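Everything numeric here is computed off the predicted structure, so don't read it as measured data.
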Amino acid sequence: MAIRTKEQIYTIEKFESKAQELIHIMLILCEERIYAAPKLNSPIGKTMAEAAMCVQYAVRTFIAVVRLHGK
């Protein structure tokens with residue numbers, strides 16, 4: 001079992017921080033699009049929100065798998 005270096009741990013933490021920033025920005029864009037639409041349940045707003053949630057789940061899964069290193 002290989003032990004992670006400090007550089008690898010820093011890289012993972014940096015990736016996680018940037019991923020959270022991306023998700024935050026995506027959700028803000030979704031809110032703006034949804035509130036700008038004539039109807040709150042517009043297809044575009046719903047689709048954007050679903051896409052943002054898919055990205056969030058994918059990133060969380062990726063980070064969880066990366067953390068399993070050596071287990």
Self-check item: Separation of M48 CE from M53 CE (nearest 0.5 Å)
Solution: 14.0 Å
Practice problem: Locate the shortest heavy-atom distance separating V55 from M26; write the atom from each residue and the value. | Solution: CG2-CE, 3.7 Å
Result block: side-chain N/O donor-acceptor pairs under 3.5 angstrom for residues 12-19, not counting sequence neighbours:
residue: E16; atom: OE1; partner: R67; partner atom: NH2; Å: 2.6
residue: E16; atom: OE2; partner: R67; partner atom: NH2; Å: 2.7

Quiz item: What distance separates Q56 CD from L22 CG, expressed to the nearest 0.5 Å?
Solution: 10.5 Å
Exercise. Could you state whether V59 and L29 fall into the same hydrophobic cluster, counting links through intermediate Ile, Leu, Val, Met, Phe, Trp or Tyr residues with side-chain heavy atoms under 4.5 angstrom apart?
Key: no
Practice problem: Report yes or no: do V66 and I63 belong to one cluster of Ile/Leu/Val/Met/Phe/Trp/Tyr joined by side chain heavy-atom distances under 4.5 Å? | Solution: yes
Self-check item: Atom of A49, atom of C30 and distance for their closest heavy-atom approach
Solution: N-SG, 3.6 Å
Quiz prompt | 4.5 Å side-chain heavy-atom contact, I23 and Q20 | solution = yes
Quiz prompt | Separation of T47 OG1 from R33 CZ (nearest 0.5 Å) | solution = 10.5 Å
